[in-house]
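Presented below is the structure to which this report refers.
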Amino acid sequence: MNVVITGGAGFIGSELVRQCLQEKFDVTVIDNLCVGGAESAKNVPSAAKLIVEDITDGERMHEIIAAAKPTVVFHLAAHHFIPFCNDHPSETLRVNVEGTQTVLDAAAAAGAKKAIIASSGSIYPSTDELISESLPAAPVDIYGLSKKMTEDVSNYVASVRGLDCVLVRLFNTYGPGDPHPHLLPHIVDSLKQGDTIPLGNIKTKRDYVFVSDVAKALLDLSKADTKPGLIANIGTGDEFSAEEIVLMIGEVLGRPLHIDVDQSRVRKSDKMHQRADIGVLAEAVDYAPQYSLREGLTKLLEAEKLL
């Protein structure tokens with residue numbers, strides 16, 4: 001099967017590329033290397049074809065995707081590091097929303113059968129309950145808004161171009177190779193300096209899902225006979241606070257770690273809970289995460305040579 005992966009040099013995208021290659025797919029990656037520069041091109045295995053291009057260039061997207069002749073397009077390219085998005089709202093909307101329309105229009109024109117589009121659990125409000133896909137969106141920042149608009153654009157293209165658009169709402173993905181200073185990369189970097197971890201909000205809880213589990217779910221969706229208009233969460237159904245994660249890492253490392261609450265890192269407002277209901281995905285592709293948080297953290301610490 002021929003596939004196109006936008007953002008395939010990125011954290012999740014490069015893992016998806018590896019898994020697609022293991023399936024003997026013909027893989028074309030489109031990435032502008034804006035995160036990591038030319039060095040990030042090394043994330044793409046040589047068996048895949050890497051094309052360095054911006055997804056907002058409509059003419060080039062049509063040329064590249066037509067030449068690739070994909071059955072499935074995975075659209076992962078986006079600005080998603082929230083501090084960057086907050087500082088560059090216009091750029092975030094241009095890439096995340098206009099870029100989505102450009103890629104999907106090109107995919108439809110090239111005769112692709114399906115597009116799998118990365119949305120985000122950030123579109124949901126805070127709730128103590130499991131978050132199902134039926135919960136109305138209530139984004140609280142420009143990134144969440146851009147992903148809600150991404151979904152709207154995808155649904156529009158599906159309705160007018162007949163492209164089967166599968167929307168996946170990713171929860172907090174972690175693992176080796178994340179280039180952004182999210183919570184776990186920050187903890188890892190702090191551990192390389194010592195046993196004290198400076199953190200902000202330590203009680204808020206999130207659903208952390210290992211990167212290879214996310215890529216496997218995307219791959220399985222590409223092969224499955226999914227219902228038209230499918231929207232599915234990708235998470236674990238469990239949630240943990242930063243405080244609990246640091247405690248767990250200390251247990252894995254076999255030594256106590258210390259948290260220094262840094263007031264400059266404390267967000268004035270934050271969602272207290274976010275835990276995915278993964279029933280829709282489980283029904284669609286028999287999904288169950290392979291890695292518990294402890295197992296995923298162990299693999300991350302091993303990859304970073306901390307264990």
Side-chain angles (χ1 to χ4, degrees), residues 1-80 94-119 150 153-154 157-158 161-168 170 173 177-179 211-212 214-224 226 234 285:
M1 181 161 71
N2 291 3
V3 300
V4 167
I5 303 175
T6 71
F11 171 46
I12 299 173
S14 58
E15 174 62 23
L16 177 60
V17 171
R18 287 188 283 272
Q19 293 193 21
C20 285
L21 291 172
Q22 288 172 1
E23 294 285 319
K24 308 300 183 184
F25 290 176
D26 188 312
V27 180
T28 298
V29 170
I30 303 172
D31 200 302
N32 69 356
L33 308 183
C34 69
V35 177
E39 190 70 16
S40 62
K42 297 177 182 178
N43 295 336
V44 180
S46 59
K49 181 179 183 180
L50 170 62
I51 299 175
V52 180
E53 193 56 84
D54 195 304
I55 61 169
T56 60
D57 186 329
E59 183 176 346
R60 286 291 290 140
M61 288 305 101
H62 278 263
E63 292 174 357
I64 294 165
I65 295 176
K69 299 182 174 129
T71 301
V72 176
V73 172
F74 297 93
H75 179 47
L76 308 183
H79 287 310
H80 70 273
R94 185 182 72 86
V95 171
N96 294 9
V97 183
E98 293 182 26
T100 296
Q101 188 277 327
T102 298
V103 168
L104 296 184
D105 189 56
K113 302 301 182 186
K114 180 185 289 188
I116 299 173
I117 302 109
S119 184
T150 290
V153 165
S154 301
V157 172
R161 298 299 301 269
L163 180 64
D164 180 9
C165 291
V166 176
L167 292 164
V168 289
L170 308 183
T173 306
D178 186 351
V211 62
S212 62
V214 172
K216 177 64 163 51
L218 297 172
L219 177 62
D220 288 348
L221 285 166
S222 75
K223 299 186 291 183
T226 52
I234 301 182
V285 295

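Start at 1 with the first residue, then count along the sequence. Small disclaimer: the values here were computed from a predicted structure and weren't measured.
- Across every non-hydrogen atom of L21 and F25, the tightest pair is CD2-O, 3.9 Å.
- Here the closest non-hydrogen pair linking D31 and L33 is OD1-N, 2.7 Å.
- Results of the side-chain contact (heavy atoms from CB on, under 4.5 Å) test with T100 over V95, T150, T56 single out T150 as the only residue that passes.
- Expressed to the nearest 0.5 Å, how far NZ of K42 lies from CG of L50 amounts to 13.5 Å.
- To the nearest 0.5 Å, atom NE2 of residue H75 and atom OG of residue S154 are 7.0 Å apart.
- I64 pairs in a side-chain contact (heavy atoms from CB on, under 4.5 Å) with only one of the listed residues (I51, V4, I55), which is I51.
- Side-chain contact between D26 and K69 is absent, with no heavy atoms from C-beta onward closer than 4.5 Å.
- Side-chain contact between T28 and V3: absent, with no pair of heavy atoms (C-beta onward) separated by less than 4.5 Å.
- Side chain of T71 to main chain of A112: no donor-acceptor pair is present (N/O by atom type, distance under 3.5 Å, no hydrogens or angles).
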### Task
Please test S14 against V44 for side-chain contact (heavy atoms from CB on, under 4.5 Å), starting from the C-alpha separation and ending with a verdict.
CA-CA 6 Å; S14 58; V44 180; 5.6 Å; no
### Task
Evaluate side-chain contact (heavy atoms from CB on, under 4.5 Å) for I116 paired with L167, printing each intermediate quantity in order.
CA-CA 6 Å; I116 299 173; L167 292 164; over 6 Å; no
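- With a 4.5 Å cut-off on side-chain heavy atoms, S212 and R18 do not count as touching.
- In terms of heavy-atom proximity, V17 sits nearest to I5 at CG2-CD1, 3.7 Å.
- With values rounded to the nearest 0.5 angstrom, E15 atom CD is found 10.5 Å from L218 atom CG.
- Checking side-chain atoms of T6 against main-chain N and O of L76 turns up a donor-acceptor pair under 3.5 Å.
- With hydrogens and angles ignored, the 3.5 Å screen pairs a side-chain donor or acceptor of N2 with a backbone N or O of A68.
- More than 12 heavy atoms of other residues, nucleotides or ligands lie within 6.0 Å of NZ in K114, so this atom counts as buried by the packing criterion.
- Minimum interatomic distance between A118 and L170 (heavy atoms only, all atoms of both residues): CB-CD1, 4.2 Å.
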#### Entry: Worked verdict on K223 versus E23 for side-chain contact (heavy atoms from CB on, under 4.5 Å)
CA-CA 11 Å; K223 299 186 291 183; E23 294 285 319; 3.3 Å; yes
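- Nearest heavy atom pair, residue D178 against residue T173, reads OD2-O, 4.4 Å.
- Note: N96 CG to S119 OG = 10.0 Å, rounded to the nearest 0.5 Å.
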### Task
Go through the steps to decide whether Q101 and V97 satisfy the test side-chain contact (heavy atoms from CB on, under 4.5 Å), and finish with yes or no.
CA-CA 7 Å; Q101 188 277 327; V97 183; over 6 Å; no
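- Inspection of the D105 and H62 side chains reveals an N or O donor paired with an N or O acceptor under 3.5 Å.
- Only one option out of C20, P70, S222 pairs with M1 in a side-chain contact (heavy atoms from CB on, under 4.5 Å); it is S222.
- A pairwise comparison of heavy atoms in L221 and V285 identifies CD2-CG1, 3.8 Å as the closest pair.
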